There are 2 protein chains.
Amino acid sequence: MPQRNAVAVRTPPPGGRKRAVAKRPVLARAGGARRGDATRQIILDAAEQCLAAGDFDGVSLRTISEAAGVDIALVNYHFGSKESLVEEVTERRAREVHDARVLLLEEARHAAGTVPPGVEAVVTAFLEPWLQRISSGDAGWQNYNRLLCRLTMMPKYLPLVRKLLDPTALHFINALRAALPKASPESIYWGYMFLIGALVQIMAGTGRIEQLSRGLCSTDDTNTAMREIVPFVCQGLRALERTGAEARR
Amino acid sequence: MPQRNAVAVRTPPPGGRKRAVAKRPVLARAGGARRGDATRQIILDAAEQCLAAGDFDGVSLRTISEAAGVDIALVNYHFGSKESLVEEVTERRAREVHDARVLLLEEARHAAGTVPPGVEAVVTAFLEPWLQRISSGDAGWQNYNRLLCRLTMMPKYLPLVRKLLDPTALHFINALRAALPKASPESIYWGYMFLIGALVQIMAGTGRIEQLSRGLCSTDDTNTAMREIVPFVCQGLRALERTGAEARR
DNA sequence: CTTTATTTTCATCATTCGTTTAATTAAATT
DNA sequence: AATTTAATTAAACGAATGATGAAAATAAAG
């Protein structure tokens, strides 16, 4: 009677299963960098690129590992799971943008003196760090911004979005409240969502404005984008003061 | 020698394959409704609901067919493929919104007399049909609007989005151009994207504004949403006239 | 060099996916 | 009633997914 698994080259799977504990490194030595850190960065960059280009959950680990030029098993070895990989990709750059935004706002506060910074200053402090990092030509930042925009539209990732963006959001909502004292608290929240919406729409990289305008406009033209979005949002936000006033009779 | 497929209850797959032609109905009799039309509607409704709640490509046909209470094979029988199902779900309500929007704009044109309708009238004609259909309490429209918002963020579905929304977009971009004669053509495109962005952000149903405002605001409150978004967008659009003027020195 | 810990590779796992086939039931037509 | 057509059901298919196991390779430590 011939053996059944004639195609099996290697050893067959063990009958009695061994331990199922995690075998990844625990912490490693305190000071220095780990040996596989370079691989981690390569995978993170490739994941960033693939997630920004494709349709997020539709992007497989194999696509990412092939783009990175590493074995697929390394992804799970270094990051544990696909979910953790997505988390690390997004959290990697989040703090830098947050800090840059807050710093710009602090500078505006200092420049304004005793009165709170105006709408223009707040909006600029919020938008500038994003758009600047895109126009810098760094493909990584371009990919990051695109994938973050998509992320905010997916209910499944709402907890992650909160962790990434809630500090920034609440910080600038407060600043907007101070800049628009006559607007109601509700109006400020609505205005912030409209601001995010305008930003996301031109940053998600769907190619829609390029098609609609038949090449006349491009989201890659961040200078123009900045010149258009700032007045739009600022004027829109100022209108909220009237909305609140009307609502209060 | 015992047979190899002892677990097979039914007949094994045929060795020589027969024809591989499509077996779906061709056209059926001219006038009346088909026998399976009720099933089609049930599947479409279930798909609409599932796609709006979940993360689109992450929603499986099995989830949809279970929600509809029908066999999974019926989905492919009636729609041919998942892609076609998504197309039918989205196209089902697209025309109605488009017609309502254009009708409202025509009424505004008539009311305005010789001059073109103003920004407020154009924006209202664009936004009102959407928001009205949500506040109507029809869960189907709520689901449709949410899933369409998500769809516009996915590059993979850009061709479908174009087919669904390009007529409306170009129609209202023209109207905006007439309402804002001093704004540059580029600015109009940017402004339209910002308008879409604000709308999408409050319609996608991510629950973000509810969390940020800790329940103070809700996207289900369409009356408030309408009262906030219209002044915001209108004032924002008017700012584009200045942008263009400044850019032209 | 020897030993130890970490990283990489190869092979395979169990699931789930969209889709298809063949048989069965129901309805419409003759 | 007999025949033809459409709709529904049950079962399985091949492909792809995220994840894991156990060796092999590599570097570090003694």
Side-chain angles (χ1 to χ4, degrees), chain A residues 5 7-29 32-43 47 50 54-66 68-86, chain B residues 5 7-29 31-43 47 54-66 68-86:
Chain A
N5 293 335
V7 289
V9 180
R10 281 181 154 278
T11 60
R17 72 192 148 100
K18 305 295 176 61
R19 304 164 302 147
V21 297
K23 286 210 281 183
R24 238 163 310 119
V26 196
L27 188 58
R29 60 171 180 279
R34 305 277 300 259
R35 189 147 56 93
D37 277 1
T39 311
R40 282 180 63 93
Q41 294 304 319
I42 291 175
I43 295 176
C50 294
D55 285 287
F56 228 90
D57 279 349
V59 178
S60 71
L61 289 185
R62 281 171 180 81
T63 303
I64 294 172
S65 63
E66 278 176 27
V70 303
D71 192 285
I72 181 178
L74 280 178
V75 180
N76 274 312
Y77 174 76
H78 282 290
F79 299 96
S81 70
K82 187 181 185 182
E83 190 183 339
S84 299
L85 174 64
V86 172
Chain B
N5 293 336
V7 289
V9 180
R10 284 180 152 277
T11 60
R17 71 191 148 99
K18 306 293 175 62
R19 304 164 302 148
V21 298
K23 287 210 282 184
R24 237 162 310 119
V26 196
L27 189 59
R29 62 173 181 280
R34 306 272 302 256
R35 188 148 55 93
D37 278 1
T39 309
R40 283 180 62 92
Q41 295 303 319
I42 290 175
I43 295 175
D55 285 288
F56 229 90
D57 280 351
V59 177
S60 71
L61 289 185
R62 282 171 178 81
T63 303
I64 294 173
S65 63
E66 277 177 28
V70 303
D71 192 284
I72 181 179
L74 279 178
V75 180
N76 275 311
Y77 174 76
H78 282 291
F79 299 96
S81 70
K82 188 182 185 181
E83 190 184 339
S84 300
L85 173 64
V86 172

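Since we're looking at a predicted model, the values are computed, not measured. Lettering follows sequence order; numbering is per chain, from 1.
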Whole-Å distance, B:Tyr77 OH to C:dA26 C1', equals 12 Å
When every non-hydrogen atom of A:Ile43 is compared with those of A:Val70, the smallest separation belongs to CG1-CG2, 4.0 Å
With a 4.0 Å limit, can you tell me whether A:Ser81 has a side-chain N or O closer than that to the phosphate oxygens OP1/OP2 of D:dG18? no
Which of D:dT8, D:dT20, C:dT21 is nearest the side chain of A:Ala73? It is D:dT20
Ordered by number, residues from residues 58-65 of chain A within less than 4.0 Å of DNA chain D (heavy atoms) are A:Val59, A:Ser60, A:Leu61, A:Arg62
Rounded to whole Å, the CZ-P distance (A:Phe79 to D:dA19) equals 13 Å
To the nearest angstrom, the CD1-C1' distance between A:Ile72 and C:dT7 comes to 17 Å
From CG of A:Asp71 across to P of D:dG18 the rounded distance in Å is 14 Å
Whole-Å distance, A:Arg35 CZ to C:dT8 C1', equals 9 Å
d(A:Tyr77 OH, A:Asp71 CG) to nearest 0.5 Å is 13.0 Å
Closest non-hydrogen contact found for A:His78 with A:Arg40 is O-NH1, 2.9 Å
Output for pair (A:Leu85 CG, A:Asn76 CG), nearest 0.5 Å, gives 9.0 Å
Whole-Å distance, B:Leu74 CG to D:dA6 P, equals 16 Å
| Judged by atom type as modelled, is there a donor-acceptor pair below 3.5 Å linking the side chain of B:Ser84 to the main-chain atoms of B:Gly80? | no
*Is a side-chain donor or acceptor of B:Ser65 paired with a backbone partner of B:Leu61 at a separation under 3.5 angstrom?*
yes
When every non-hydrogen atom of A:Val59 is compared with those of A:Asp55, the smallest separation belongs to CG2-N, 4.0 Å
| field | Side-chain N or O of B:Asn76 closer than 4.0 Å to phosphate OP1/OP2 of C:dT19 | value | yes
Is the distance from OP1 or OP2 of C:dT7 to the nearest side-chain N or O of A:Thr39 less than 4.0 Å?
no
Here the distance between atom P of C:dC17 and atom CZ of B:Phe56, to the nearest Å, is 16 Å
* **C:dT8 OP1/OP2 closer than 4.0 Å to side-chain N/O of A:His78** => yes
Whole-Å distance, A:Lys82 NZ to D:dA19 C1', equals 12 Å
